[in-house]
**Student:** 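So that we are looking at the same thing, I have put the structure below in structure tokens.
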Amino acid sequence: MPEKLQARKEVSPPNENIVITDPNRPWWERYQPISYKLCTRSGNEDEFREMVTRCNNVGVRIYVDAVVNHMCGSGGGSGTHSTCGSYFNAGTRDFPAVPYSGWDFNDGKCQTGSGEIENYGDMYQVRDCRLSGLLDLALEKDYVRSEVAEYMNHLIDIGVAGFRIDAAKHMWPGDIKAFLDKLKDLNTQWFSAGTRPFIYQEVIDLGGEPITGSDYFGNGRVTEFKYGAKLGTVIRKWNGEKMAYLKNWGEGWGFVPSDRALVFVDNHDNQRGHGAGGASILTFWDARLYKMAVGFMLAHPYGFTRVMSSFRWPRYFVDGQDVNDWVGPPSNSDGSTKSVTINADTTCGNDWVCEHRWRQIRNMVVFRNVVDGQAFSNWWDNGSNQVAFGRGNKGFIVFNNDDW
Ligand code: AAO
């Protein structure tokens with residue numbers, strides 16, 4: 001019998017990636033695949049299998065960040081500077097460990113002079129050209145779709161429960177559907193027969209571009225980036241915003257329908273100025289306001305919620321820009337990622353922030369599970385930043401973000 005579901009966890013891309021030494025091992029090297037071997041700074045395939053098995057056995061589900069839009073950057077060079085030592089040549093588009101070759105990339109299809117995405121107002125560029133120089137896979141080809149599906153099915157066999165589809169905006173929705181249709185049902189050692197993988201697609205839609213989150217509803221959920229940007233603005237009390245205005249939070253704020261939304265206060269990009277959302281995004285660095293935002297998110301029925309869990313890095317601002325936005329996870333001298341140690345007071349060591357263990361956040365996860373399915377009810381506000389609401393007859397919560 002499957003264990004009772006205890007928790008869900010999204011993990012960093014587990015497949016082999018390029019090793020970047022300038023800057024020294026940035027976190028973002030993991031978004032530059034070299035092969036689909038499970039072999040990264042976090043460990044090898046045996047270690048990944050052990051983690052998934054141990055988690056599943058206690059009801060903790062694992063979701064994989066699937067980077068399948070592209071391989072490494074076009075300037076990645078050639079050699080074996082990859083986390084498993086697989087040879088590749090970015091210049092000739094050769095990735096023999098998959099294998100992919102020149103035919104499997106969109107170089108001929110992209111219509112911009114530079115081969116890069118130059119204008120987000122042109123949906124063809126956004127899907128057919130390179131995102132930040134990353135070699136764009138030709139997902140219209142059945143061969144490429146099959147390689148991607150084989151990678152994902154390998155993970156399903158191991159026991160993962162679903163996927164974040166990285167850079168989904170940069171793939172045609174029909175191409176994503178084509179590789180998702182090739183996926184197996186989840187492993188019946190832990191899931192009931194016929195269970196499909198849970199899919200959420202990273203589509204940054206803050207408005208003003210032709211590609212919208214709704215284009216992707218047919219494939220699963222989509223990330224709702226407006227959520228964290230707006231909630232941060234309200235909790236910071238910027239632009240005259242106040243919590244009283246949260247009364248119609250959700251679709252009333254122009255968000256995608258609740259049953260299509262994957263929501264979060266911050267993510268691994270916008271907590272350090274990458275991706276989208278801007279300065280309003282709240283993070284662990286603003287701990288008091290952050291806890292209020294995450295508490296509000298977890299109390300409110302809108303969307304499928306995701307809590308961030310981070311590592312600390314030496315933030316250093318020059319002209320308002322964090323010049324250390326690239327710094328990778330706490331690591332050992334051989335480059336491997338340091339373990340998450342647990343201190344006597346249940347916080348994490350080794351510079352892991354572990355927001356998910358913060359008392360207020362952990363307790364609000366319990367709240368969310370208790371009130372699951374209960375209606376949003378009995379809203380109250382003081383016309384300013386004191387608000388309260390119920391969830392049926394199971395829960396009630398009060399926020400005070402006024403200075404009194
Ligand atoms: C690294 C280097 C690059 C180098 C490249 C190749 O930093 O200089 O060219 O290697 O050698 C991560 C890092 C990247 C890193 C990459 C590969 O963030 O810095 O590049 O790994 O190592 C777009 C995409 C979205 C993407 C986001 C970062 O649409 O998919 O950029 N996120 C995912 C991952 C992310 C990862 C990748 C994808 C790649 O979560 O970690 O990159 O696998 C607009 C567009 C957005 C666009 C942003 C940023 O946003 O709408 O779609 O996101 O621009 O380019 C306002 C607007 C808003 C706009 C925003 C920012 O808020 O309203 O729409 O401004 O301009």
Side-chain angles (χ1 to χ4, degrees), residues 10-13 15-34 40-41 64-77 81-83 88 90-91 114-123 125-137 148 163-172 176 200-213 215-216 222-230 232-233 254 262 264 266-281 306 308 310 313 321-329:
E10 175 185 307
V11 297
S12 298
N15 63 297
E16 179 173 27
N17 60 264
I18 194 170
V19 168
I20 295 205
T21 49
D22 183 19
N24 188 27
R25 308 303 306 268
W27 61 269
W28 43 253
E29 67 172 40
R30 293 187 76 156
Y31 290 88
Q32 300 197 31
I34 294 299
T40 66
R41 305 177 77 175
V64 159
D65 192 349
V67 184
V68 298
N69 169 65
H70 52 262
M71 300 299 277
C72 68
S74 59
H81 47 297
S82 49
T83 49
F88 66 98
S114 62
E116 299 291 313
I117 298 167
E118 296 173 357
N119 173 11
Y120 273 88
D122 175 351
M123 67 166 80
Q125 292 185 21
V126 176
R127 267 73 171 257
D128 298 340
C129 299
R130 294 192 298 255
L131 161 65
S132 312
L134 300 161
L135 296 174
D136 204 50
L137 285 166
V148 165
F163 302 93
R164 167 188 185 265
I165 309 294
D166 180 68
K169 181 183 192 170
H170 304 279
M171 296 181 267
W172 292 96
I176 296 178
Y200 51 109
Q201 303 158 94
E202 188 223 8
V203 182
I204 298 179
D205 173 10
L206 291 170
E209 289 179 20
I211 298 175
T212 65
D215 299 347
Y216 292 82
V222 296
T223 51
E224 178 49 279
F225 274 80
K226 292 173 189 154
Y227 190 102
K230 295 283 186 196
T233 307
L262 188 287
F264 44 93
D266 62 329
N267 79 347
H268 71 280
D269 284 326
N270 64 20
Q271 73 170 192
R272 47 173 56 74
H274 284 238
S280 72
I281 298 298
R306 176 177 64 186
M308 183 62 192
S310 314
W313 72 97
Q321 286 278 88
D322 177 9
V323 295
N324 283 339
D325 67 340
W326 59 272
V327 172

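None of the values given here were measured: they were computed from a predicted structure. In each ligand, atom 1 is the first atom listed, and ligand 1 is the first ligand listed.
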**Student:** With a distance cut-off below 6.0 Å to the six-membered ring centre and an angular limit of 45° from the axis, does Arg272 pair with Trp27 as a cation-pi contact?
**Tutor:** yes
**Student:** Can you tell me the protein heavy atom closest to atom 62 (O) of ligand 1 and the distance?
**Tutor:** Leu206 CD1, 3.5 Å
**Student:** Heavy-atom contacts under 4.0 Å between His268 and ligand 1: side chain, backbone, both, or neither?
**Tutor:** side chain
**Student:** Kindly say whether Gly213 contributes a backbone atom to a donor-acceptor pair with the side chain of Asp205 at under 3.5 angstrom?
**Tutor:** yes
**Student:** Given the protein's heavy atoms, is any one of them under 4.0 Å from atom 8 (O) of ligand 1?
**Tutor:** no
**Student:** With the threshold set at under 4.0 angstrom, would you say Trp27 reaches ligand 1 through any of its heavy atoms?
**Tutor:** yes
**Student:** When you measure from atom 47 (C) of ligand 1 to each heavy atom in Trp326, Trp28, Phe225, Tyr120, which option holds the nearest one?
**Tutor:** Tyr120
**Student:** Using a 4.0 Å heavy-atom threshold (strictly under), name the region of Leu134 that reaches ligand 1: side chain, backbone, both or neither.
**Tutor:** side chain
**Student:** Keeping the roles fixed (side chain from Ser82, backbone from Ile18), state whether a donor-acceptor pair exists under 3.5 Å.
**Tutor:** no
**Student:** Counting N and O atoms only, with roles assigned by atom type, does the side chain of Glu202 sit under 3.5 Å from a partner on the main chain of Ala168, one being a donor and the other an acceptor?
**Tutor:** no
**Student:** Identify, for atom 40 (O) of ligand 1, the protein heavy atom at the shortest distance, and state residue, atom and that distance.
**Tutor:** Asp269 OD2, 2.4 Å
**Student:** Where does Asp166 meet ligand 1, judged by heavy-atom distances below 4.0 Å: at the side chain, the backbone, both, or neither?
**Tutor:** side chain
**Student:** Among Asn17, Asp269, Asp65, exactly one meets side chain to side chain donor-acceptor pair (under 3.5 Å) together with Tyr31. Which residue is that?
**Tutor:** Asp65
**Student:** Which residue supplies the protein heavy atom nearest to atom 6 (C) of ligand 1, what is that atom called, and how far is it?
**Tutor:** Ser132 O, 3.0 Å
**Student:** Looking at ligand 1, does Met171 have a heavy atom less than 4.0 Å from it?
**Tutor:** no
**Student:** Check each atom of ligand 1 against the heavy atoms of Arg164 and keep those under 4.0 Å away; list them by number with element.
**Tutor:** 34 (C), 40 (O)
**Student:** When rounded to the nearest 0.5 angstrom, what is the spacing between NE2 in His170 and CG in Asp136?
**Tutor:** 9.0 Å
**Student:** Taking atom 13 (C) of ligand 1 as the point of reference, which of Glu29, His274, Lys226 owns the nearest heavy atom?
**Tutor:** His274
**Student:** Can you tell me the protein heavy atom closest to atom 53 (O) of ligand 1 and the distance?
**Tutor:** Ile204 CD1, 3.3 Å
**Student:** Between Arg41 and Arg25, is there a donor-acceptor pair closer than 3.5 Å when you use the side chain of the first and the backbone of the second?
**Tutor:** yes
**Student:** Could you check whether any side-chain heavy atom of Arg30 comes within less than 4.5 Å of a side-chain heavy atom of Thr83, counting everything from C-beta outward?
**Tutor:** no
**Student:** Ignoring hydrogens, just give me the one of Gly75, Ser74, Gly76, Ala276 whose non-hydrogen atom is nearest atom 50 (O) of ligand 1.
**Tutor:** Ala276
**Student:** For Gln321 and Val323, indicate whether the former's side chain and the latter's backbone hold a donor-acceptor pair under 3.5 Å.
**Tutor:** no
**Student:** In the protein, which heavy atom is nearest to atom 44 (C) of ligand 1, and how far is it?
**Tutor:** Glu209 OE2, 4.0 Å
**Student:** Residue-level breakdown please: for Arg272 versus ligand 1, do any non-hydrogen atoms fall below 4.0 Å on the side chain, on the backbone, on both, or on neither?
**Tutor:** neither
**Student:** What I'd like to find out is whether the side chain of Thr40 reaches to under 4.5 Å of the side chain of Asn15, using heavy atoms alone.
**Tutor:** no
**Student:** Would you check whether His70 reaches within less than 4.0 Å of ligand 1, judged by its heavy atoms?
**Tutor:** yes
**Student:** So which protein heavy atom does atom 29 (O) of ligand 1 come closest to, and at what separation?
**Tutor:** His170 NE2, 2.6 Å
**Student:** Looking at Arg164, is its backbone amide N or carbonyl O close enough to the side chain of Glu10 to form a donor-acceptor pair, meaning the two atoms are under 3.5 Å apart?
**Tutor:** no
**Student:** Say whether, by atom type as modelled, one donor and one acceptor occur between the side chain of Ser280 and the main chain of Ala229 under 3.5 angstrom.
**Tutor:** yes
**Student:** Would you mind checking which non-hydrogen protein atom is closest to atom 52 (O) of ligand 1, with the distance to 0.1 Å?
**Tutor:** Lys169 NZ, 2.7 Å
**Student:** Check for me whether Gly275 has a heavy atom closer than 4.0 Å to any atom of ligand 1.
**Tutor:** yes
**Student:** Sub-3.5 Å donor-acceptor pair from the side chain of His274 to the main-chain atoms of Trp326, do we have one?
**Tutor:** no
**Student:** Protein heavy atoms: any of them under 4.0 Å from atom 64 (O) of ligand 1?
**Tutor:** yes
**Student:** What's the shortest distance from atom 26 (C) of ligand 1 to any protein heavy atom, and which residue and atom give it?
**Tutor:** Glu202 OE2, 3.6 Å
